Protein chains: 2
Amino acid sequence: MPKSIKKEINRENLLNQGVTMLMGQGYHGTGLQEILDAVNIPKGSFYNYFGSKENFGAEVIQHYIDPFITQLAAHLQQSETDALSAIQLYFTELIAELEKNQFKGGCLLGNLMGEIGDTSEVCQKSLQSAVNRYRKLLQSGLAKAQQQGTVRLDKSAEDMADLLLNSWQGALLRMKIEKSSAPVKQCCNQLLGEFFRA
Amino acid sequence: MPKSIKKEINRENLLNQGVTMLMGQGYHGTGLQEILDAVNIPKGSFYNYFGSKENFGAEVIQHYIDPFITQLAAHLQQSETDALSAIQLYFTELIAELEKNQFKGGCLLGNLMGEIGDTSEVCQKSLQSAVNRYRKLLQSGLAKAQQQGTVRLDKSAEDMADLLLNSWQGALLRMKIEKSSAPVKQCCNQLLGEFFRA
DNA sequence: TGTATAAATACGACCGGTCGTTTTTAAATT
DNA sequence: AATTTAAAAACGACCGGTCGTATTTATACA
């Protein structure tokens with residue numbers, strides 16, 4: 001196998017494992033060796049690939065959010081369902097996934113914003129970018145729903161997207177300590193089911 | 001100075017310093033020695049007082065939330081102002097404090113829920129208790145505002161308290177990475193200024 | 001009340017182990 | 001043969017926690 005291919009595979013494996021472990025144990029709670037052992041990659045290679053744990057963290061953040069954006073965008077492009085239903089379905093799927101994980105982990109972005117969002121400049125930048133990409137997509141979905149007449153027009157799509165994401169993050173935190181999906185379900189019902197409706 | 005007094009002073013100093021440092025650097029990001037050096041207390045004494053870092057963390061959580069509860073309760077008991085105004089004033093003061101700290105730290109409860117809320121059972125219990133004490137107080141304030149006719153009656157005080165706290169936590173996270181009070185101000189305006197109003 | 005004894009607490013050096021990073025050596029590619 | 005990349009080994013700082021001992025406080029006996 002060519003070396004350049006193996007390098008990409010190694011990087012990918014490290015990022016995947018990084019997502020899992022940073023989400024489960026946090027940034028400072030996860031040692032590099034733990035990650036390296038899990039995917040059987042030498043520490044020297046890691047530093048060839050990423051340079052530092054902090055840079056690695058910043059890449060993990062982007063690697064984490066990509067699939068969520070892809071999935072939400074896919075739902076929004078389904079032409080047979082309206083945008084509000086698409087968003088609701090998307091969050092329903094998220095909740096199912098959280099239940100599958102027995103409410104452990106939650107959201108990597110939320111966890112890292114709280115833990116290192118104000119101490120690591122590199123990760124802070126990455127978090128800004130990740131959150132904003134997600135935010136803008138959700139905002140566009142809500143705007144579409146407004147055009148379709150399912151969502152109220154007297155609030156801006158941006159404000160509603162912000163409120164939804166903020167509440168979602170807070171609900172995820174409470175989910176973690178209560179070991180229950182009640183907070184996240186309540187959050188979706190309150191906003192998508194009532195407050196945002198036209 | 002009697003030993004039992006010194007012990008209480010030491011404990012208090014450790015808890016105060018613990019609040020500051022755990023909020024600023026996180027649980028795993030803060031070493032015991034750092035805390036001990038800051039207040040000049042030997043490590044042996046620490047272990048006499050608290051038994052473990054984890055138990056210490058659980059106590060720090062309660063020590064952190066107490067003043068917030070006291071302050072909010074005090075505002076709510078001011079008989080000359082209505083409950084909704086009291087809550088709004090309280091949050092305005094919180095925002096002023098966050099700005100004073102240049103948006104660093106945020107909320108210890110939120111940060112620790114994300115970092116160790118699902119990995120440390122002892123701290124999880126403490127977080128549950130702290131959040132619930134706070135939640136119930138805010139709920140009672142909103143119920144009072146409902147009776148006074150300033151807050152809508154078609155949503156339960158409990159649901160609104162949950163929504164407010166969730167959004168607040170999420171807004172604090174975004175405040176940290178954006179280094180701006182805009183998210184928390186927006187959060188308060190949206191809910192206390194619009195959505196909750198009768 | 002003064003004194004010996006017991007119990008509790010204070011203390012800081014020290015434990016094995018892990019941290020993230022750097023340096024050095026080996027291997028592969030050009 | 002020259003250059004780049006992989007991987008192993010080494011690095012000192014630091015981690016949470018424990019240890020035996022020293023000091024203080026409480027109890028019992030005289």
Side-chain angles (χ1 to χ4, degrees), chain A residues 1-15 17-61 112 115-116 119-124 126, chain B residues 1-15 17-61 112 115-116 119-124 126:
Chain A
M1 168 155 43
K3 187 152 64 170
S4 62
I5 300 273
K6 189 186 174 195
K7 169 171 175 173
E8 282 315 306
I9 293 177
N10 277 352
R11 275 184 61 99
E12 181 80 9
N13 284 340
L14 282 167
L15 289 171
Q17 192 63 29
V19 166
T20 302
M21 305 201 74
L22 293 191
M23 181 152 53
Q25 308 171 207
Y27 180 83
H28 289 296
T30 305
L32 289 183
Q33 200 58 57
E34 260 182 295
I35 299 175
L36 297 167
D37 289 346
V39 292
N40 250 287
I41 291 172
K43 194 179 269 197
S45 302
F46 173 91
Y47 274 89
N48 286 330
Y49 301 153
F50 297 102
S52 73
K53 186 187 185 184
E54 199 181 7
N55 286 337
F56 176 67
E59 283 207 41
V60 166
I61 288 164
L112 292 192
E115 187 185 354
I116 54 169
T119 52
S120 160
E121 199 174 326
V122 177
C123 291
Q124 182 179 80
S126 184
Chain B
M1 167 155 42
K3 187 150 65 171
S4 62
I5 300 274
K6 188 184 174 195
K7 169 173 176 171
E8 283 314 306
I9 291 177
N10 279 349
R11 276 184 60 100
E12 182 79 9
N13 285 340
L14 283 166
L15 288 172
Q17 192 64 30
V19 166
T20 300
M21 305 202 73
L22 292 190
M23 183 152 53
Q25 309 173 205
Y27 180 83
H28 290 296
T30 306
L32 289 184
Q33 201 57 57
E34 255 182 299
I35 299 174
L36 298 168
D37 288 347
V39 291
N40 251 285
I41 293 172
K43 188 177 271 195
S45 301
F46 174 90
Y47 275 90
N48 285 332
Y49 301 154
F50 297 103
S52 72
K53 185 187 185 183
E54 200 182 6
N55 286 337
F56 176 67
E59 283 206 44
V60 166
I61 288 164
L112 292 191
E115 187 185 354
I116 55 169
T119 52
S120 160
E121 200 173 325
V122 177
C123 291
Q124 182 178 81
S126 184

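Chain identifiers are assigned alphabetically (A, B, ...) following the order of the sequence lines, protein sequences preceding nucleic acid strands; residue numbering begins at 1 within each chain. In what follows, every heavy atom counts, from backbone to side chain, and hydrogens, waters and symmetry copies are set aside. Quick caveat: nothing in here was measured; it's all calculated off a predicted structure.
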Under 4.0 Å protein heavy-atom contact, by nucleotide of nucleotides 11-22 of chain C - B base, S sugar-phosphate only: BB------SBBB
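Side chain of B/T30 to backbone of B/G26: a donor-acceptor contact under 3.5 angstrom is found. Here the side chain of B/K53 pairs a donor or acceptor atom with the backbone of B/Y27 at under 3.5 angstrom.
When all heavy atoms of B/S126 and B/A58 are compared, the closest pair comes out as OG-O, 2.7 Å.
Taking the ring centroids of A/F46 and A/F56, they lie under the 6.0 Å cut-off.
Remark: the A/E115 side chain and the B/Q25 side chain contain no N/O donor-acceptor pair separated by less than 3.5 Å.
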